[in-house]
Colleague: 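Dropping the structure in here first, questions after.
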Amino acid sequence: MSILVNKQTRLLVQGITGSSGAFHARGCAEYGTNVVAGVTPGKGGQKFDDKIPIFDTVYEARRETGCNATMIFVPAPFAADAILEAADAGVELIVCITEGIPVTDMMRVKDVLKGKPGRLIGPNCPGIITPGECKIGIMPGYIHKPGTVGVISRSGTLTYEAVWQLTQRGYGQSTCIGIGGDPINGTSHLDAVKMFAADPGTEALILIGEIGGTAEEEAAAWIKDHYKKPVCGFIAGATAPPGRRMGHAGAIVAGGKGTAASKIEALRAAGIAVAETPASIGETLIGVIKG
Amino acid sequence: MNIHEYQAKQLFERFGIATPKGGPAETPEQAEAVAVSLHTSNLVIKAQIHAGGRGKGTFTNGFKGGVHLCSSPAEIRAVAEKMLGQTLVTHQTGPAGKVVRKVLVAESVEIARENYLAILMDRATGAPVVVASTEGGVEIEKVAEEHPEKIARESVHPLAGVQPYQALKVARELGFEGNQLKAAAKLINNLFKLFLSLDCSLVEINPLVVTKKGEVLALDAKFNFDDNALFRHPEIVAMRDTEEEDPREVEASKYGLNYIGLDGNIACLVNGAGLAMATMDIIKYAGGEPANFLDVGGGASEEQVTEAFKILVSDKNVRAILVNIFGGIMRCDVIAQGIINAVKAVSLPVPLVVRLEGTNVERGKQLLAESKLPIQTASDLAEAARLVVGAAKAA
């Protein structure tokens, strides 16, 4: 089992003719994802790689192909509009890979999406993958292995690190979801934890966070009361100086809030095993699973 | 990105937020001219650098204080002569100090009371929030800790913006009444317009003063801009003063590298922000101190890797370098070739530890081995940290 994506997922790629969009559309298709359509305004009627139909709008793509998920590679100044178009066209799952979207744009998007059925993942994220079934995003497929561990993370390569540790030790993943490094995102740690909790195919969780905000604390508080399966956490940024933005727009310790120490404390208080270093995330979870 | 006090003042003036009269000057003559134009004997001159603690700072020429009260244009000119072109050292500049290239000359006001007012993006609600306190002129974090009841917060609707009633409510929380209440509410409304129009992540007025004459003025300000939105604000980008920034960070930004200088002696080069932070953490865990944060991004070119190495070795504190790459999209063989070329180009002065994982990793490791360069390879992150900390201590 898995969350959000599986063999039934029919993927649209917004920005499919750009260099990143084209590269990763092919990567997803090669992994086995059913890529059914692309959107690039002005290029409707053409075909991508001689087989995937391109449309001018998401509405047409949805009507003609029944796509139920989209992967967005539209450049940052136009990405908020692309998200809103996908939501308005009724696409159920919107995965926005684009990095560098202005925070005020995301503030408006988040408010417009409130109460709508479409779920946004990202922006500024690696995407989501259910190993062996469907990959939507930029992660290397081969490091994953089908299994029962759910992985939630704000960062890309750090997630690969954790997933690879699991796979090398023979532990597969149900679904891995990168929620993105921006201060305002579509799906929070808590949203993802709740979805994994409702999935009978997920037997354990890895929660990777970083400095900034209080999203990890909220997820930890919910886990404490509602989730009894094994959980391992890791927080990046213990050595980051306050007031400096560490790459991700969301990774900043401001006014003494959002420090690694306070997050680690919140995770531990919720009974979550916290990995001491990024090299021991896999081992720490396996330790909890084995009891 | 930070801006100078005089630039903040210009932005306030553009949005109708009252500040004391005044303007910047680059020469003693200009400073005197600004003072003359103010028609008052209550004057202040302030050195313009991106660092706090100016008032208590000392210039390397022995002159004390980066902020002086003066009573005549001639006095302003005399002080400007002692400040301009000189280096000011404060507790925030480090011992090297900062060269003062501009001064701000303004009317000095008599303060009756000081408030705090800020607007920032609240991650928890995904909307802006107005924060206000009657405890102005001090660190707001301290107030939040000791007297949380003295801080008022007013959440703003993401689409509707600050409503007039909300501005009034906050102004009342700050104790304003009568004409001052209207002036303060207008200021709050205008501050929100500025916040939204310029894509700020924080704009803070501390203190927001009431003068003995009864005016409500923004006396000092702090701005944080959303870097992601700078592309649509060329006038803000033009305010950037690279003289005030870490030269390594300025150099890195030219090549699209995300670099932040730190105080340790182990340099690191990593792909991805989360992994870069985690790499700094594991260096510390292994007993070392990271010299920097450096994220080369998902698709770094050979040129970027070479430039990154140049910046890392330009830091005289660096005793060892750790490269940690988890190649996904980025192939390990391409990265390995980039490292080899970079090492040949910069003639490596310190030990280098490389940890590669991911796509085409075997070919990448083979290339490093065949290069015969003095590179230590590590099979995983823990070993990499151990090796680089050991190398730094031995160096």
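The analysis underlying the following values was restricted to heavy atoms, covering all of them including side chains, and did not include hydrogens, waters or symmetry mates.
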Colleague: Do A:Leu158 and B:Met277 have side-chain heavy atoms sitting under 4.5 Å apart?
Modeller: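 SC-SC contact between A:Leu158 and B:Met277 ruled out.
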
Colleague: Among B:Ser201, B:Ala273, B:Pro158, single out the residue with the greatest number of heavy-atom pairs under 4.5 Å to chain A.
Modeller: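 Highest number of heavy-atom pairs under 4.5 Å: B:Pro158.
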
Colleague: Check this for me, if you would: do B:Arg232 and A:Asp105 make a salt bridge, where the nitrogen-to-carboxylate-oxygen distance has to be below 4.0 angstrom?
Modeller: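 Salt bridge between B:Arg232 and A:Asp105, a charged N being under 4.0 Å from a carboxylate O: yes.
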
Colleague: Nearest 0.5 Å please: distance from the CD1 atom of A:Ile143 over to the CZ atom of B:Phe326.
Modeller: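 Here the interatomic distance stands at 4.5 Å.
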
Colleague: Can you say whether A:Arg108 sits under 4.5 Å from chain B via the side chain, the backbone, both, or neither, judging by heavy atoms?
Modeller: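 For A:Arg108, heavy atoms of backbone and side chain both lie under 4.5 Å from chain B.
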
Colleague: Looking only at side-chain N and O atoms, does A:Thr157 offer a donor or acceptor that is under 3.5 Å from a partner on B:Asn271?
Modeller: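 Looking only at side-chain atoms, A:Thr157 and B:Asn271 do not form any donor-acceptor pair under 3.5 Å.
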
Colleague: Are there more than 12 heavy atoms of other residues, nucleotides or ligands under 6.0 Å from atom CD of B:Glu145?
Modeller: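 Not buried by this count: 12 neighbours or fewer within 6.0 Å.
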
Colleague: So which part of B:Met280 gets closer than 4.5 Å to some heavy atom of chain A, the side chain, the backbone, both or neither?
Modeller: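 The answer is both parts of B:Met280.
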
Colleague: Need one label for B:Asp227: side chain, backbone, both or neither, based on atoms under 4.5 Å from any heavy atom in chain A.
Modeller: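 Interface part for B:Asp227: both.
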
Colleague: Which atoms of B:Asn258 come close to chain A, meaning under 4.5 Å heavy atom to heavy atom: side chain ones, backbone ones, both, or neither?
Modeller: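 For B:Asn258, the side chain is the part near chain A, not the backbone.
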
Colleague: Measure A:Glu276 against the heavy atoms of chain B and call it side chain, backbone, both or neither at under 4.5 Å.
Modeller: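 When you check distances to chain B, atoms from both the backbone and side chain of A:Glu276 fall under 4.5 Å.
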
Colleague: Within a radius of less than 6.0 Å around CZ of B:Phe15, do more than 12 heavy atoms belonging to other residues, nucleotides or ligands occur?
Modeller: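 For B:Phe15, atom CZ is crowded (more than 12 foreign heavy atoms under 6.0 Å).
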
Colleague: For chain B, which candidate among A:Gly100, A:Pro140, A:Ser155 shows the most heavy-atom pairs at distances under 4.5 Å?
Modeller: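 Looking at each option in turn, the highest pair count goes to A:Gly100.
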
Colleague: Could you tell me which of A:Gly181, A:Ala76, A:Pro241, A:Pro77 has the largest number of non-hydrogen atom pairs under 4.5 Å with chain B?
Modeller: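 Answer, by heavy-atom pair count under 4.5 Å with chain B: A:Pro77.
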
Colleague: Looking at chain B, which one of A:Glu218, A:Glu210, A:Glu99 has the largest number of heavy-atom pairs inside 4.5 Å, strictly under?
Modeller: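 So the answer, after comparing A:Glu218, A:Glu210, A:Glu99, is A:Glu210.
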
Colleague: Around B:Glu135, counting heavy atoms of other residues, nucleotides and ligands shown, do more than 12 lie under 6.0 Å from its CD?
Modeller: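 Check passes, neighbour count above 12.
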
Colleague: Could you tell me which portion of A:Glu161 (side chain, backbone, both or neither) has an atom closer than 4.5 angstrom to a non-hydrogen atom of chain B?
Modeller: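 Contact with chain B is through both the backbone and side chain of A:Glu161.
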
Colleague: Using non-hydrogen atoms only, which part of A:Ile235 is less than 4.5 Å away from chain B: side chain, backbone, both, or neither?
Modeller: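 Only the backbone of A:Ile235 comes within 4.5 Å of chain B.
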
Colleague: When you measure from the side chain of A:Thr277 to the backbone of B:Ile282, do you find a donor-acceptor pair of N or O atoms at a distance under 3.5 Å?
Modeller: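 Checking the backbone N and O of B:Ile282 against the side chain of A:Thr277, no donor-acceptor pair under 3.5 Å is found.
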
Colleague: Should A:Pro278 and B:Leu381 count as side-chain neighbours, where that means a heavy-atom distance under 4.5 Å?
Modeller: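 Yes, their side chains come closer than 4.5 Å.
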
Colleague: Which heavy atom in A:Pro102 sits nearest to a heavy atom in B:Ala229, and how many Å separate them?
Modeller: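 Shortest heavy-atom separation between A:Pro102 and B:Ala229 comes out as CB-CB, 3.7 Å.
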
Colleague: About how many Å separate OH of A:Tyr160 and OG1 of B:Thr359, when rounded to the nearest 0.5 Å?
Modeller: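 So the OG1 of B:Thr359 and the OH of A:Tyr160 are separated by 9.5 Å.
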
Colleague: CG/B:Asn228 to OG1/A:Thr104 distance, rounded to the nearest 0.5 angstrom?
Modeller: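 That separation rounds to 9.5 Å.
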
Colleague: May I ask you to decide if B:Gly358's main-chain N or O and A:Tyr142's side chain share a donor-acceptor pair within less than 3.5 Å?
Modeller: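 Between the backbone of B:Gly358 and the side chain of A:Tyr142 there is a qualifying donor-acceptor contact (under 3.5 Å).
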
Colleague: With chain B as the partner, which of A:Ser153, A:Gly213, A:Ala240 has the greatest number of non-hydrogen pairs under 4.5 Å?
Modeller: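 Heavy-atom pair counts peak at A:Gly213.
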
Colleague: Is a side-chain N or O of B:Asp281 found less than 3.5 angstrom from the main chain of A:Ala236, in a donor-acceptor match?
Modeller: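 No; judged by distance alone, with no hydrogens or angles, the pair does not exist.
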
Colleague: Determine whether more than 12 heavy atoms belonging to other residues, nucleotides or ligands lie under 6.0 Å from atom NZ of B:Lys222.
Modeller: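 Result for NZ/B:Lys222: open.
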
Colleague: Any chance you could measure A:Arg245, atom CZ, to B:Asn224, atom CG, to the nearest 0.5 Å?
Modeller: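 So the gap between those two atoms works out to 11.0 Å.
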
Colleague: Can you see which heavy atom on B:Pro128 is nearest to which on A:Met107, and at what distance?
Modeller: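 Minimum heavy-atom contact is CD-SD, 3.5 Å.
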
Colleague: Looking at A:Gly27, A:Pro126, A:Gly212, which has the largest count of heavy-atom pairs under 4.5 Å with chain B?
Modeller: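 Winner by heavy-atom pair count: A:Gly212.
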
Colleague: Verify the neighbour count for atom NZ of B:Lys142: are there more than 12 heavy atoms of other residues, nucleotides or ligands below 6.0 Å?
Modeller: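 No, the 6.0 Å shell around NZ holds no more than 12 heavy atoms from other groups.
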
Colleague: If you count heavy-atom pairs under 4.5 Å between each of B:Asp226, B:Thr125, B:Asp295 and chain A, which one has the most?
Modeller: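 Highest number of heavy-atom pairs under 4.5 Å: B:Asp226.
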
Colleague: Which answer fits B:Leu262, side chain, backbone, both or neither, if we ask what part of it has an atom under 4.5 Å from a heavy atom of chain A?
Modeller: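 Contact with chain A involves the side chain of B:Leu262 alone.
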
Colleague: For A:Ile184, is it the side chain, the backbone, both or neither that has a heavy atom under 4.5 Å from a heavy atom of chain B?
Modeller: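 Contact with chain B involves the side chain of A:Ile184 alone.
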
Colleague: Would you mind telling me which of B:Glu383, B:Arg355, B:Glu289 has the largest number of heavy-atom pairs within less than 4.5 Å of chain A?
Modeller: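 Ranked by contacts with chain A, first place is B:Arg355.
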
Colleague: Counting only heavy atoms not in B:Gln304, do more than 12 fall under 6.0 Å of its CD?
Modeller: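 Check passes, neighbour count above 12.
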
